[in-house]
Amino acid sequence: MNPGQIRLAIIAVYLLLLLGLGFIASRSFSGTKKDYLLASHSIGPFLLLMSVFGTTMTAFALVGSTGEAFKEGIGVYGMLASSSGIIHSLCFFVIGVKIYSFGRKYGYTTQIQFFRDRLESDLIGVLLFPILVGLVIPYLLIGVMASGTVIQAMTAGAFPEWASFAALKPDGSPSPMHGGVPTWLGSAAICMVVLIYVFIGGMRGTAWANAFQTIVFMVLGLVTFVSLANKIGGQETFFESLKAASASVSESHVTRSEMSTSKFLTYMLIPLSVGMFPHLFQHWLTAKSARSFKLSVVCHPIFIMIVWAPCVLIGVWATTQNIPPAVSANGVLAFLVKTKLSTWLAGLLTAGILAAIMSSLDSQFLCVGSMFTNDIVEHYVGKDRLSDTAQVWTARVFVILIVAVTYWLSLRGYKSVFTLGVWCFSGFASLFPLVFAALYWKKLTAAGALSGVLAMLGSWLYLFRDSGWGSNTKYVIKLGEDIEVMPVVAIFLCTLVAMVATSLMTSPPSDKTLAKFFPK
Amino acid sequence: MKTVLWILVAILIVAHQDFWNWNDDTLVLGFIPIGLAYHMGISLAAGIVWFLMVNLAWDD
């Protein structure tokens, strides 16, 4: 077997392990909709921590963090990781726990059920459903595209004689990806594996798979860090190797001298997106008790550090390693692993990267099915006109439809997965005022919520178009010569102003509803 | 106590901006750039603040 084939075999064994885990989880499935979508509120503190952390960490945590640090230096840790550590836990504490208590009390499964009830408005659901699904699709697209790219890069050279595995440069010579599993096939395989274990295991299978995959990518990330530090540093002891690896990194990469202070500051708004992620909302409702949240709130910032800090260091060390210009920033980690570590370790790291991708995809697959079943089918057809089995199958069919659309979009290609992610997260983050006001502001009205959502949609579309639909990867809003702010600031403010102004001019929900959500 | 803890969260968010280490290229322990070490410290501090929050400002 050549190295590409060995790495492919390791990936295949890992995917089979996951399917096995899905089958084991399916044996606990009681057949009810509540068990399929919420694991019957049975998820304890450890499983909740691992499944929520696994869901929020995508391939970007390993591959993107290394690539961005390679481009921008150590500032990306503060800009993207430690900021998320503070804000994510803040969202879990002020949004997640409260949402959980209402979900437990009134039987909600989705965000839209909560908003319809809280605002006494059917229209808010009609408006939010396409927006939330529309924002989840690019998030899914990030995972689907990244999985195909990673598999192709790590299996390159496996089958150079197979015509369908050929990857040639414009001049007809083999590219570095030649002989690797083509991206369309790698992405399709990952989609199928995730679909199967989500189908048979539901939310319980997803939570188990997430916990397993989170352990896999955290452990393999650290193993990769230690191995690469020893190889790059090349000294007798690990500590001496660490020092040697950092010694020759340029000043621009060990400081933030090239980074805009205002851009760094305004990036702090992006992690607020977790307050409106529909898949996290559903994970929160799987908790066995409100106390289950405590471990997630405390450990989340520390877990982010464990995953991100080693990858950021690898990224800045890579600037001293003569990386060929043909290797993209997101390909830096794969390049280092393939050229400096053993074939087996490279195969295992690929499994770790795929674990980070799939632990987000599965929750997103399940949540779009859940939203369609609860917010459209059950709401408009009626709760009693469909059996639990029929509703579970409705969720599954809608998931297939969304995955098919996402897969089709992935075949069309997209230049920057990172940019796509930032725009997607900006949309969710700009809806944060809506969920915060619904939980803490009695004067929020249905008209205020609707105008806030419309303002978010309008400003997001305007700025996204202004950025060339994301093709301008450095797009920022310039205020004067020195101040650059992220588009999320403008979208967030539009949402907030429209929501507050309209709410102050219109009547709040009935006293009965307010008493329900703001008990004395 | 709740107010004190929320003030700590606000201090954490302001301290996170870290304008003072912006151009400092010192290596902590000889291998961690000080800007990265500072934000790793912020991550640990966040864990401690949230630990206090869920135990002192939190009943299933």
Side-chain angles (χ1 to χ4, degrees), chain A residues 69 73-75 77-79 81-83 85-90 92-93 97 101 104 229 233 239-247 249-257 259 261 264-265 268 288-306 308-309 312-313 316, chain B:
Chain A
I74 53 107
Y77 181 84
M79 195 164 77
S82 53
S83 60
I86 299 169
I87 301 295
H88 285 185
S89 287
L90 179 71
F92 298 163
F93 189 66
V97 181
S101 67
R104 265 288 292 270
F239 192 63
E240 289 302 318
S241 292
L242 287 171
K243 286 180 171 179
S246 291
V249 178
S250 70
E251 186 190 335
S252 65
H253 276 74
V254 296
T255 67
R256 285 170 290 168
S257 55
M259 197 172 271
T261 51
F264 184 91
L265 172 67
M268 200 87 178
K288 189 184 282 183
S289 67
R291 286 175 176 274
S292 300
F293 278 79
K294 289 186 174 183
L295 193 63
S296 294
V297 171
V298 174
C299 291
H300 198 82
I302 294 162
F303 272 32
I304 287 180
M305 182 181 74
I306 291 169
W308 274 73
V312 168
L313 275 173
V316 296
Chain B
M1 180 54 82
K2 255 187 188 178
T3 309
V4 172
L5 288 170
W6 281 113
I7 289 170
L8 274 180
V9 172
I11 289 171
L12 205 59
I13 290 171
V14 173
H16 181 269
Q17 295 317 305
D18 180 32
F19 295 125
W20 36 93
N21 288 316
W22 207 267
N23 295 312
D24 191 341
D25 62 354
T26 306
L27 294 176
V28 176
L29 298 176
F31 74 96
I32 310 175
I34 193 165
L36 177 60
Y38 178 88
H39 279 113
M40 288 169 73
I42 289 280
S43 295
L44 287 171
I48 293 166
V49 168
W50 289 118
F51 175 79
L52 294 172
M53 189 69 97
V54 299
N55 285 295
L56 301 175
W58 190 249
D59 292 334
D60 282 352

Heavy atoms, side chains only, cut-off 4.5 Å: are [X] and [Y] in contact?
X	Y	result
A:Lys294	B:Phe51	no
A:Ser89	B:Val49	no
A:Glu240	B:Phe31	no

B:Tyr38 vs A:Ser82, side chain to side chain donor-acceptor pair (under 3.5 Å): CA-CA, chis, key distance, verdict | CA-CA 10 Å; B:Tyr38 178 88; A:Ser82 53; over 6 Å; no
Per-residue contact mode, B:Leu27 against chain A (heavy atom under 4.5 angstrom) =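 Side chain of B:Leu27 only, per the 4.5 Å heavy-atom cut-off to chain A.
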For B:Ile42, is it the side chain, the backbone, both or neither that has a heavy atom under 4.5 Å from a heavy atom of chain A?
->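 For B:Ile42, the side chain is the part near chain A, not the backbone.
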Out of [options], which one racks up the most heavy-atom pairs below 4.5 Å with chain B?
options	answer
A:Gly75, A:Gly85, A:Gly73, A:Pro301	A:Pro301
A:Phe293, A:Phe239, A:Phe93	A:Phe93
A:Leu295, A:Val297, A:Val97, A:Val249	A:Val297

Measure the [atom1]-[atom2] distance between [X] and [Y] for me, rounded to the nearest 0.5 Å.
X	Y	atom1	atom2	result
B:Asp25	A:Thr255	CG	OG1	7.0 Å
A:Trp308	B:Met40	CH2	CE	14.0 Å
B:Leu29	A:Leu242	CG	CG	9.5 Å

Could you pull out all residues at least two apart from A:Ser241 that satisfy side-chain hydrogen bond (donor to acceptor under 3.5 Å, both in side chains)?
->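 Not a single residue meets the side-chain hydrogen bond (donor to acceptor under 3.5 Å, both in side chains) criterion with A:Ser241.
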For B:His39, what residues pass the side-chain hydrogen bond (donor to acceptor under 3.5 Å, both in side chains) criterion, not counting sequence neighbours?
->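 Result, side-chain hydrogen bond (donor to acceptor under 3.5 Å, both in side chains) vs B:His39: none returned.
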Of all of B:Ile32, B:Asn55, B:Leu36, which one pairs up most often with chain A through heavy atoms under 4.5 Å apart?
->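 Result: the option with the highest number of such pairs is B:Leu36.
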Under a 4.5 Å heavy-atom cutoff, which of B:Ala57, B:Ala45, B:Gly47 has the most pairs with chain A?
->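 Ranked by heavy-atom pairs under 4.5 Å with chain A, first place is B:Gly47.
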Does the pair A:Cys299 and B:Trp50 meet the rule for a side-chain contact (heavy atoms from CB on, under 4.5 Å), with working shown?
-> CA-CA 9 Å; A:Cys299 291; B:Trp50 289 118; over 6 Å; no
For [X], which atoms come within 4.5 Å of any heavy atom of chain B: side chain, backbone, both, or neither?
X	result
A:Ile304	neither
A:Met259	both
A:Ser252	neither

